[in-house]
**Student:** 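Here it is, the structure in full.
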Amino acid sequence: MQQQLAQLVAAATQEASAVATRAELEAFKARVVGPNGSLTQVMKGMAALSKEERPVVGKLINEAKKSVEELLAALLVKVENAEIAAALGAPVDPTLPSPDAPAGSLHPLSRTRERILASFRKLGFVVAEGPEVETEWHCFDALNTPADHPARDMQDTLYMPKAFRSADAPRKADEAILLRTHTSSVQVRTMLSRKPPFRIVAPGRCFRRDAVDATHSANFHQVEGLWIDRNVTLADLRGVLDFFVKETFGADAEIRLRPSFFPFTEPSFEMDLRSPNLGRLSDRWLEIMGCGLVDPKVLELCGLDPQEWSGLAFGLGLERIAMLVHGIDDIRHFYNNDTRFLRQFA
Amino acid sequence: MKVSFQALSRHLDLAGVTPERVAEVLPMLGLEVESVTTFGLAPLPLAVVAEIKSFEKHPKADRLSVCQVDAGEGSLRQIVCGAKNFKAGDRVPVALPGTVMPGGFEIKVSKLRDVDSAGMMCSSEELGLGKGEDGLLILTPRQPAVGTPLNSLYGAPDTVLEISVTPNRGDCLGLRGVARDLAAALGLTLKPLTVKTAAGLAAAPAAADAVKFVRSSSEFCPYYTLRTLKNVKVGPSPAWLRRDLEAAGLRPINNVVDITNWVLLELGQPLHAFDAQKVSEGIEARPAREGEEIVLLDGKKVKLEPGVCVIADARRPLVVAGVMGGADSGVTEATTDVLLEAAWFRPGEIRRVARRLGVSTDSSHRFARDVDPAGVELASRLATDLLVELAGAQVVGLAVAVGQPPRADVTIELPAGYVAAKLGTPVADADVDAAFARLGFTVQPSAAGTSVRVPSFRSDVTRPIDLVEEFIRIHGTDKVPAGRPIAPLPGEEDALTSVFTREVSARLVGAGFTECCHYSLRDAAELERTLGADKAALVAMDNPLTAEQTHLRASLVPGLAGALALNLSVHADPRGLFEVGTVFRPQADGTVREFLSVAFAIVAEPVTRSWKSREAFDAPRAKRLLQDAAALAGVASVRLSFAAATGGLWQAGHAAALVDRGRAAEGACGVLDLRWTRSLGLKSSVIAGEVCFPRTAFAEARKVPRFEAFSSFPPVTKDVAVIVPVGVAAAEVESRVRQGASKAAGKEFALESVNCFDVFTGPGLPEAHRSLAFEIRWRHAARTLTDEETNQALGVVIATLEKGAGWTVRR
């Protein structure tokens, strides 16, 4: 009996080497452990054995069965491996480049904008927006710049024809419709539509009737800020701007407020920046933005009582900041859309 | 405005104060310094007067001369020179080797085309003396001795600071105003202005005056003075006066005109001088009459707008008031009697008229910024002093004045603690009062705080808040500390347009697209292509600057197509490009609406080769991106419908137009018009998409989604294939399938999805027909659906399609 089992296992082992597919495996399995399989036949012979022989033979059979099962398990792995290899094909070369295009990139102006907005969001400023085509009232009059005020000479304006009607900026009377020259018009819209206190930043596109050169562009972008509350002070203004500058240009950057003039702020300042990390523009004062306390006249024109409410406002040029941060020397790069430029800021 | 340091020194003692220091101080007062330049001859110790003894043509260069020059050294020097305007015996400036010229260039002994040259003979411009005649500066008429140091022929050089004066600071358009601010900042005292001519004004002309009347009937001229000066000798001005004018960038003309200009520079008050003989009877400031014309000083003949203030005599307008004089009433060499005008005109009107005439003069610039009414008479007297002194003029009496100074000093009640409250930091009252006193304001205690009297030269200071600015200018902004930021306000959210811009950009960047940024202003051809000629006219600007930027953009797609072409032309693989921005679209009601647009474009055939090929980007992928973008804007895909796009930017038959009636989203996607993109130089076809939303679409806050329970039982799927004529849109068939499948489900169970999975045309189908196959999926909330139920449901769908729509279902 012992010999018979040993022969059986040896025969099965030899036969197993020829098994390559799942069908062959199934057939082989049937031949050995199937209902009429060779091992099954031997096990059926157990019934004829004596009580004394059974434990001895049983043990032998169990050993043979274990060998066969191991054999089958090994065969299954072999067959599955063959199947996987067939399904997947040849192994890959992991060093080949991916044929897919990499992720795209945001425009440097968008990146700069988002970075600036994120800084101000930390101070509780939320984003507000307004139309690019504006009424003269929102762009000038409400900002304390009536017609024939010499401040209007500070910017040359592009106008729409008299017949033009904007769905987003309907006329109040018969004032001109123009392309906004600054995002300060969003200040006006915000004061008219929201109840103070509030803090907003308004990014957006502006237009001036300027010839294009390395520092001028027919359209450009500003980020405007407005904080209306009770008792807003010059110290608050310095605090907000100082925070922004350190966020954007690093802890080494310093600011100075240089007295200036804007019709909609009083007092008004130009904020200058000085930083040791700006390449050839390092360590000198650079004009970055206009700012000041909201002129009481503007509050009044926008329906807020200047006795109760006060505010601060600032406006910066996005292109200017992006140029400083990235060391870009010509504003026209932003609008040329050469991907060799655009992808440098991914 | 150009400020001469020497001229400034006449108004305050600047001993120990360098021009560099002034250039540091002025900006912190609000007077930005744009440039600092040297005026006059800079110290050039090695530059001397020399005589050209002889010269001959350069042997190798026709344009050069080889000169033998006596520079007073005992022997002659040979200098090669390119100028032509000299003769032997002329005395000229010579920069000897070692001289560093004002431009920074050092003169060395050298060879010019193989001929030795030991120095340089100089032109006026090379010496930094301004543009003189072409060629060398000929000193012969001044007869300087040979060898004289050049600097001894000229005065000490001056420093000129070009300052940019903001519109509120009209007072700083005169040296006196700049000096006053500087004195306040440096703690210096302004020197008194001494005027000899007697003060006082007459109400009407006296017999000795050269006019019979002086009147004003124009609302724009509330205050007008005119003085007669007789026996004036018109001639050149003395050197000091010419120098002052030239330092300020003005050209000397004759002593009378120069004196009026000089006073303008000193005090900021424009003056005008008439030749009394050319004035008929009297002077009146009056509104221009219908049809009147005037020839201006610059030779331009202009038609006067009725109502504009002119200064006229009995017969005709002589001057456009405050803006520009006429050609035929001014002072000339032949003038003997002068009428000197000093007046105050309404600032807004002056600005309006000057802009309308397209001129900006020194005079209109100042009047538009509100000159000091109290300075009118003073300026007239100061000019009179000089006319007497420098032109021998004879004063016959007082100036005649009509009207009153329109404004006087103002007194501002400054509440106690107001300045500190605005600064957000404590300040001593004494510091505040001292700052005002330094500015020439008068401070007195009052019941509520302080009474501050502001002289009329500061028209911009009228309110307490203006005094805060004055204080901080003098006190220094660096003394205000940074306040601590306070906590954010709860419930405040970014504008949804801004959130959308951020999210949609991230989506497209993730899909491999690179963001672009194009100008909003486009040319007519682009808009005509995008909107058609009629609608394009609605987005044309009134006063475009250039022919390339005449219209507002109505689509971002043309910019992107152009960027693809540009990148390919420079051999950069553009891959996919996108842009997010405002476009302007005419609406049915005749208005133009702003839309926030998202657009992308990509060339269909990849530019870069790869070892493993990928399926090309096509119109259905563009459609998916568009739907994703719309979903981010809160417009669900089911609300969007697509129809064939026609004309304009899109290729007929290969593009779709998107419609969302609910919120007026607009858009299109597919292949761009091939003829157009080929004309841009793009060989491959371009796939693009654009979807845009009116700003109002974002107005309502986005809803927070609510959880809906879903079934835990398996769905049942059935397929149905429909044969339809080719003209029938897939969406129409799908809608019918959906309708039937929904009806079949009734209230018992639910239709989960209908998905078109096969489109087939070819053998076995009738001519001009195609087969569309749909997978329908139903599910029951509480149990597994039976075969019987779903077969019955499929029967309902088939009946809807066959009996309802008249199509054939394939079996």
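Any value given below was found using the heavy atoms of this structure, including those in side chains, with hydrogens, waters and symmetry copies removed.
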**Student:** Has the side chain of B:N168 got a donor or acceptor atom that lies under 3.5 Å from a matching backbone atom of A:F261?
**Tutor:** no

**Student:** Using a 4.5 angstrom heavy-atom cutoff, name the option from B:A563, B:G348, B:G562 with the most pairs to chain A.
**Tutor:** B:G348

**Student:** Report yes or no: does B:E492 contribute a side-chain atom to a donor-acceptor pair with the main-chain N or O of A:F125 at less than 3.5 Å?
**Tutor:**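 No: the side chain of B:E492 does not pair with the backbone of A:F125.
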
**Student:** Looking at B:D478 and A:R238, what are the two nearest heavy atoms and their distance?
**Tutor:**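 Closest heavy-atom pair between B:D478 and A:R238: CA-NH2, 3.6 Å.
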
**Student:** Under a 4.5 Å heavy-atom cutoff, which of B:S520, B:A368, B:P481, B:S360 has the most pairs with chain A?
**Tutor:**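 It is B:S520.
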
**Student:** Give the minimum heavy-atom separation between A:M160 and B:D542, together with the two atoms involved.
**Tutor:** C-CB, 3.6 Å

**Student:** Quick check against the 3.5 Å criterion: does A:D242 have a side-chain atom that pairs as donor or acceptor with the backbone of B:A482?
**Tutor:** no

**Student:** Taking all atoms of both residues into account, what is the closest heavy-atom pair of A:A167 and B:T591, and its distance?
**Tutor:** CB-OG1, 3.6 Å

**Student:** What pair of heavy atoms forms the shortest contact from B:P27 to A:R258, and how long is it?
**Tutor:** O-CG, 2.9 Å

**Student:** Do A:R256 side-chain atoms and B:T477 backbone N/O form a donor-acceptor pair below 3.5 Å?
**Tutor:** no

**Student:** Rounded at 0.5 Å granularity, tell me how far CG in A:L179 sits from CZ in B:F584.
**Tutor:**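 Result: 7.0 Å between the selected atoms.
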
**Student:** Could you walk me through whether B:T582 and A:R205 pass the side chain to side chain donor-acceptor pair (under 3.5 Å) test, one step at a time?
**Tutor:** CA-CA 9 Å; B:T582 305; A:R205 188 168 277 209; over 6 Å; no

**Student:** Can you see which heavy atom on B:R463 is nearest to which on A:P296, and at what distance?
**Tutor:** NH1-CD, 4.0 Å

